[in-house]
Amino acid sequence: MTRLPILHYPDTRLTTVAKPVAMVDERIKTLVAQMLMTMYEEEGVGLAATQVDVHEQVVVIDISDGGDQPLVLINPQLLWASDERQQSKEGCLSVPQIYDSVSRAAQVKVRALDLNGLPRDIEADGLLAACIQHEMDHLAGKVFIEYLSPLKRNRYKIKAAKLQRVGV
């Protein structure tokens, strides 16, 4: 299995809006396996296909302590988000070494296809809700630091450019 290279902010490919997956076939199953391997090796809890320069609506998440409960969301659609907000510190494999607090809906309900191409509804709160929203943002071409103030965003853009120059 091949580990996939992750795009790093401010790479403009991260702003590409992902297209729906037409069919859950072997190509998509292989992509999911590669994304999971990449996410686990990078010690992340979520990864969107956009982050690995595949602009299709595929997300993998695993918030379990043992890294053994992967959640696959293909063509995820947000059905409902609570009015209640939660602040949580977020990081991103595409924005290495940068963490900041982001306000998101405390609870969400999402409909997506699973790895067998079957629809399922997922109700989530806490960390899982934040991860789902974060990864779905990637599919819409949005990186988490866009939620921050222009001052912080500019500071992080400078820091990200420095990290890219030194090869991080």
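Numbers here simply count residues along the sequence, with the first being 1. Because the structure is predicted, anything quoted here is derived from the model rather than measured.
In the hydrophobic cluster analysis, where Ile, Leu, Val, Met, Phe, Trp and Tyr join through side-chain heavy atoms closer than 4.5 angstrom, I145 is grouped apart from L93. Residues L7 and V54 do not share a hydrophobic cluster, defined by chaining ILVMFWY side chains whose heavy atoms lie under 4.5 Å apart.
Atom CG of L148 is separated from atom CG of N154 by 12.0 Å, given to the nearest 0.5 angstrom. Note that the OG1 atom of T50 and the CD atom of Q57 stand 8.5 Å from one another [nearest 0.5 Å]. Expressed to the nearest 0.5 Å, how far CD of E146 lies from CZ of R153 amounts to 7.0 Å. For the atom pair CD of Q51 and CE of M39, the computed distance is 10.5 Å after rounding to the nearest 0.5 Å.
Listed by chain and residue number, Y40, S64 satisfy the side chain to side chain donor-acceptor pair (under 3.5 Å) test with D62 (two or more places apart in sequence, or in another chain). Contacts of R111 classified as salt bridge (charged side-chain N to carboxylate O under 4.0 Å, His left out), with partners at least two apart in sequence or in another chain: D121. Residues that satisfy the salt bridge (charged side-chain N to carboxylate O under 4.0 Å, His left out) test with D53, not counting sequence neighbours, are R13. For the salt bridge (charged side-chain N to carboxylate O under 4.0 Å, His left out) test, residues two or more places apart in sequence or in another chain that qualify with E41 are R3. Judged as a side-chain contact (heavy atoms from CB on, under 4.5 Å), and not counting sequence neighbours, the contacts of Q87 are S101, S103. With sequence neighbours excluded, the residues satisfying side-chain contact (heavy atoms from CB on, under 4.5 Å) with K159 are I98, L163.
Here the side chain of S94 pairs no donor or acceptor atom with the backbone of Y9 at under 3.5 angstrom. The backbone N or O of N116 sits less than 3.5 Å from a side-chain atom of D114, completing a donor-acceptor pair. Of the possible donor and acceptor atoms, none in the side chain of E123 sits under 3.5 Å from a partner among the backbone N and O of K109. With hydrogens and angles disregarded, a donor-acceptor distance shorter than 3.5 Å links the side chain of N75 to the backbone of V21.
The stretch residues 92-105 participates, sequence neighbours left out, in these salt bridge (charged side-chain N to carboxylate O under 4.0 Å, His left out) pairs: E90-R104, D100-K152, R104-D137. Listed by first then second residue, pairs satisfying salt bridge (charged side-chain N to carboxylate O under 4.0 Å, His left out) with a partner in residues 66-86 number zero, not counting sequence neighbours. Residues in residues 45-76 take part in no ring pair (Phe, Tyr, Trp, His ring centres under 6.0 Å) pair, two or more places apart or across chains. Among residues at least two apart or in separate chains, ring pair (Phe, Tyr, Trp, His ring centres under 6.0 Å) pairs with a member in residues 121-147 are H134-H138, H134-F144.
The minimum heavy-atom distance linking Y99 with Y156 is given by the pair O-OH, 3.5 Å. Across L47 and M35, no two heavy atoms sit closer than the pair O-CE, 3.3 Å. When every heavy atom of A129 is checked against every heavy atom of A105, the shortest pair comes out as CB-O, 4.3 Å.
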Which pairs of donor and acceptor atoms, one on a side chain in residues 22-33, lie under 3.5 Å apart (sequence neighbours left out)?
{"from": "D25", "atom 1": "OD1", "to": "R27", "atom 2": "N", "distance (Å)": "3.2"}
{"from": "D25", "atom 1": "OD1", "to": "I28", "atom 2": "N", "distance (Å)": "3.1"}
{"from": "R27", "atom 1": "NH1", "to": "E56", "atom 2": "OE2", "distance (Å)": "2.7"}
{"from": "R27", "atom 1": "NH2", "to": "E56", "atom 2": "OE1", "distance (Å)": "3.0"}
{"from": "R27", "atom 1": "NH2", "to": "E56", "atom 2": "OE2", "distance (Å)": "3.3"}
{"from": "T30", "atom 1": "OG1", "to": "E26", "atom 2": "O", "distance (Å)": "2.9"}

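Hydrophobic cluster membership for L139: V45, V59, I61, I63, L71, L73, L78, V108, V110, I122, L127, L128, I132, M136 (Ile, Leu, Val, Met, Phe, Trp, Tyr linked by side-chain heavy atoms under 4.5 Å, directly or transitively).
P70 places none of its side-chain heavy atoms less than 4.5 Å from the side chain of V60.
Within a 6.0 Å radius of NZ in K142, other residues, nucleotides and ligands contribute more than 12 heavy atoms.
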* Decide yes or no on side chain to side chain contact (heavy atoms under 4.5 Å, CB included) for I6 and V52, but give the supporting numbers first. => CA-CA 5 Å; I6 296 173; V52 294; 4.3 Å; yes

